[in-house]
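Position 1 is the first residue of the sequence; numbering continues from there.
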Amino acid sequence: MTQFEIPEQQWAQVVEKKGGPVVFKQIPVQKPGPDEVLINVKYSGVCHTDLHAMKGDWPLATKLPLVGGHEGAGVIVAKGELVTEVEVGDHAGIKWLNGSCLACSFCMQADEPLCPHALLSGYTVDGSFQQYAIAKAAHVAKIPKECDLETTAPVLCAGITVYKGLKESGVRPGQSVAIVGAGGGLGSMAIQYANAMGLHAIAIDGGEEKGKNCRELGAQAYVDFTTTKDLVADVKAATPDGLGPHAVILLAVSEKPFHQAVDYVRSRGTIICIGLPAGAKFQAPVFDTVIRMITIKGSYVGNRQDTQEALDFFARGLIKVPIKTVGLSKLQEVYDLMEEGKIVGRYVVDTSK
């Protein structure tokens, strides 16, 4: 068996108080429990959820102090005595779902993200913004060794989440899907997964830079909410028959786009809520929802099978992740850009810097 030299101390970004900022400091390296692995995190994607965790603005308490992050790609360097499904030296990923009980009715039916005892990386347990992180072995993502860890990292949340949302929508090859927030990290991957699944992607976001990025990634149309005079009409016009998309994937971080979706989704269409704007409410007219047979659903990350399917699309070269990589020490600067709405694509942090 491969053996690794594991240090006693490591560099990490730590949220010490609600609202931040993160503190770049040295902390101890933990030892894995009987059913856990220790992963030497090489790269970690930065998700909007990480900003929410730092600010503490969701109705779910975070642990403090907290090491955020849940898109960690690295190498298993140690494992507990009960772990048989992975080996030291394997490439593995830390996801939002760090662990679950595997015994409740949700876990038994492949809905482990709904487990009442779920452990959440970078939220209820320390995550991947550190050089060495702990995860339950049953839930780590198994990353093929031919995959580059730097570009794989965002698949572990952004990729899995949008892929799951597309599956939940029930949209079929040849049909249209509107992706709201298409210029961000999740959106840039949603466009590609939609294309790989044979769907027509309509990108909705603000600004020409995001529009250019969406078109380059394969969006068949782009609707700029900052310049359009009638967003509903423009989204409908982007579909072949003008009746609107069969599904809407809502990745937005503000409330208004959730209300607009009801107006342009096709009759019998499905609206999938993924983005989590703090304090937002979803409003839909009951009359329209009934007589147009609209379905409104939430989609919350993916299970273990969804994870491996999403990674398979990536391993086959069907998903290209547009990333910008900075050192782990620069994480607060990434959060600042995120709050200013200046992120295009996905930022990844290199834990060696």
Side-chain angles (χ1 to χ4, degrees), residues 4 6-58 60-80 83 86 92-101 112-113 115 117-141 143 149 153-154 156-158 160 301 307 327-332 334-335 347-353:
F4 293 87
I6 302 170
E8 293 185 1
Q9 296 284 316
Q10 62 169 327
W11 286 100
Q13 287 280 15
V14 184
V15 180
E16 296 186 332
K17 60 181 181 179
K18 180 179 177 180
V22 287
V23 179
F24 190 52
K25 61 188 287 189
Q26 285 200 308
I27 62 171
V29 175
Q30 303 297 310
K31 288 181 169 52
D35 62 344
E36 296 174 335
V37 295
L38 178 65
I39 296 177
N40 177 200
V41 179
K42 302 295 186 181
Y43 299 94
S44 182
V46 185
C47 177
H48 213 95
T49 296
D50 299 314
L51 179 61
H52 287 300
M54 182 183 75
K55 295 172 69 176
D57 56 11
W58 279 356
L60 173 63
T62 62
K63 74 178 285 290
L64 285 175
L66 172 70
V67 177
H70 56 274
E71 289 183 346
V75 181
I76 296 174
V77 295
K79 67 174 189 172
V83 175
V86 291
I94 292 171
K95 307 176 282 117
W96 172 249
L97 186 64
N98 191 286
S100 71
C101 76
E112 54 264 30
C115 174
H117 307 292
L119 304 174
L120 308 178
S121 300
Y123 210 96
T124 64
V125 297
D126 288 337
S128 54
F129 293 149
Q130 56 185 331
Q131 294 174 312
Y132 292 87
I134 296 288
K136 295 293 184 182
H139 283 282
V140 296
I143 301 175
L149 292 175
L156 300 171
C157 177
I160 295 167
V301 299
T307 296
L328 178 60
S329 61
K330 304 293 185 184
L331 179 61
Q332 184 61 51
V334 178
Y335 284 158
Y347 267 84
V348 169
V349 292
D350 179 343
T351 65
S352 69
K353 300 177 181 179

If you look at every heavy atom in [X] and [Y], which pair is closest and at what distance?
X	Y	result
Ala73	Leu156	N-CD1, 4.0 Å
Ile134	Asn98	O-ND2, 3.2 Å
Cys157	Cys47	SG-SG, 4.2 Å
Val46	Leu331	CG2-CD1, 3.9 Å
Leu66	Ala53	CD2-CB, 4.2 Å
Gly93	Ile143	N-CD1, 3.7 Å

Atom [atom1] of [X] and atom [atom2] of [Y]: how far apart are they, to the nearest 0.5 Å?
X	Y	atom1	atom2	answer
Ser128	Glu71	OG	CD	7.5 Å
Leu97	Cys115	CG	SG	8.0 Å
Tyr123	His70	OH	NE2	11.0 Å
Ser44	Ile94	OG	CD1	8.0 Å

Can you tell me which residue pairs pass the salt bridge (charged side-chain N to carboxylate O under 4.0 Å, His left out) test with a partner in residues 37-50, sequence neighbours excluded?
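Listed by first then second residue: nothing to list.
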Minimum side-chain heavy-atom gap [X]-[Y] below 4.5 Å:
X	Y	answer
Val22	Val14	no
Ile76	Leu38	no
Thr124	Lys63	no
Val349	Tyr43	no
Leu328	Gln13	yes
Lys95	Thr307	yes
Asn40	Phe4	no

Who passes side chain to side chain donor-acceptor pair (under 3.5 Å) against [X], sequence neighbours left out?
X	value
Ser329	none
Glu112	Arg304
Ser100	His139
Lys55	Glu339

Answer yes or no: is there a donor N or O on one side and an acceptor on the other, between the side chain of [X] and the main chain of [Y], under 3.5 Å?
X	Y	answer
Asp126	Val67	yes
Gln10	Tyr132	yes
Gln131	Ala12	no

Donor-acceptor contacts under 3.5 Å from residues 23-37 side chains, at least two apart:
unit_1 : atom_1 : unit_2 : atom_2 : d
Lys25  : NZ     : Glu16  : OE2    : 2.8
Asp35  : OD1    : Lys136 : NZ     : 3.2
Asp35  : OD2    : Lys136 : NZ     : 3.3
Glu36  : OE1    : Gly33  : N      : 2.7
Glu36  : OE2    : Lys136 : NZ     : 3.4

Gln332 and Met54: CA distance, side-chain angles, deciding distance, side-chain contact (heavy atoms from CB on, under 4.5 Å) verdict
CA-CA 10 Å; Gln332 184 61 51; Met54 182 183 75; 3.8 Å; yes
